[in-house]
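In what follows, a single structure is set out as structure tokens and then discussed.
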Amino acid sequence: MSLDGTYDEANIFAKILRGEVPAAKVFEDEHVFSFMDAFPQSKGHTLVIPKHSRARNYLEEEPQILAPLMLGVQRVARAIRTALKPDGLMISQFNGAPAGQTVFHLHVHIIPRWDGVALGRHGGGMADVNELKALASRIAANIA
Ligand code: AMP
């Protein structure tokens, strides 16, 4: 999948937004939905996606959707900081398969990092669902 293409309504994040596939929800408002990455690169790896969007990537997104998306990312990142007390936080976003994108509904990764703990592989192993739910609750409790 290159940068060009049409939005696929059957992508996994569209299914999550429609409630067809479960997710460990962290936060939701009228603009964004946030949930735990099921194949986390670190403890607390969280995704934030726009709810009302058919943008496949950052370049395609409308400004009026991008702005609340990035505000949502900051809000969730602050909650992760408070809840999990990481030493650092990566905020990343990939556009096109050669850049590492695997799901073609715009999304932003928030990946907490700790001193001396290596970053897990992108597309690595699946996390335990109950652990993801517990992390989601801890982060959700700290949304300001
Ligand atoms: P990207 O590779 O930037 O497109 O990111 C897609 C992310 O979605 C990856 O980090 C995957 O681990 C994650 N992912 C894929 N399927 C699911 C799912 N069903 N629930 C939660 N996260 C998912």
Side-chain angles (χ1 to χ4, degrees), residues 1-63 65-114 117-143:
M1 296 276 249
S2 74
L3 285 177
D4 301 313
T6 51
Y7 184 82
D8 177 7
E9 302 287 351
N11 78 74
I12 191 77
F13 293 172
K15 289 181 179 178
I16 287 173
L17 285 172
R18 290 195 297 267
E20 296 166 8
V21 168
K25 177 174 146 181
V26 171
F27 172 71
E28 179 176 18
D29 67 10
E30 60 183 302
H31 304 290
V32 304
F33 187 83
S34 177
F35 55 103
M36 305 310 297
D37 195 298
F39 306 86
Q41 289 184 258
S42 77
K43 185 182 83 172
H45 182 167
T46 304
L47 301 169
V48 185
I49 66 176
K51 283 167 66 167
H52 311 292
S53 173
R54 299 179 85 256
R56 298 164 74 249
N57 57 53
Y58 199 84
L59 283 67
E60 290 180 0
E61 193 54 280
E62 305 290 340
I65 291 181
L66 206 47
L69 172 65
M70 297 316 291
L71 291 172
V73 169
Q74 187 190 57
R75 200 167 174 195
V76 174
R78 285 175 168 168
I80 292 172
R81 182 187 186 185
T82 307
L84 304 183
K85 307 210 172 1
D87 300 310
L89 277 167
M90 285 169 51
I91 294 177
S92 58
Q93 190 278 320
F94 307 137
N95 301 280
Q101 187 175 12
T102 59
V103 178
F104 291 82
H105 177 111
L106 172 62
H107 55 278
V108 178
H109 298 260
I110 306 171
I111 306 177
R113 301 293 307 275
W114 284 266
V117 179
L119 183 65
R121 192 165 61 83
H122 185 57
M126 191 170 183
D128 177 83
V129 174
N130 290 326
E131 280 178 25
L132 290 184
K133 285 184 180 168
L135 282 165
S137 299
R138 282 173 66 188
I139 298 166
N142 287 282
I143 295 279

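Atoms within a ligand are numbered from 1 in the order they appear, just like the ligands themselves. We're numbering straight along the sequence, starting at 1.
Shown here for Glu60 and Leu3, the closest heavy-atom pair between the two residues is OE2-O, 3.8 Å. Taking all atoms of both residues into account, the shortest heavy-atom contact from Trp114 to Pro86 is NE1-CA, 3.5 Å.
Checked against salt bridge (Lys or Arg N to Asp or Glu O under 4.0 Å), Arg54 has the following partners two or more places apart in sequence or in another chain: Glu9. Evaluation of the salt bridge (Lys or Arg N to Asp or Glu O under 4.0 Å) rule for Glu20 yields Arg18 as partners, not counting sequence neighbours. With sequence neighbours left out, the side chain to side chain contact (heavy atoms under 4.5 Å, CB included) criterion links Ala140 to no other residue.
For ligand 1, the 4.0 Å heavy-atom shell contains residues Ile12, Phe13, Ile16, Phe35, Met36, Asp37, Ala38, Phe39, Leu47, Phe94, Gly100, Gln101, Thr102, Val103, His107, His109, His122.
Centroid-to-centroid, the aromatic rings of His109 and His107 come within less than 6.0 Å.
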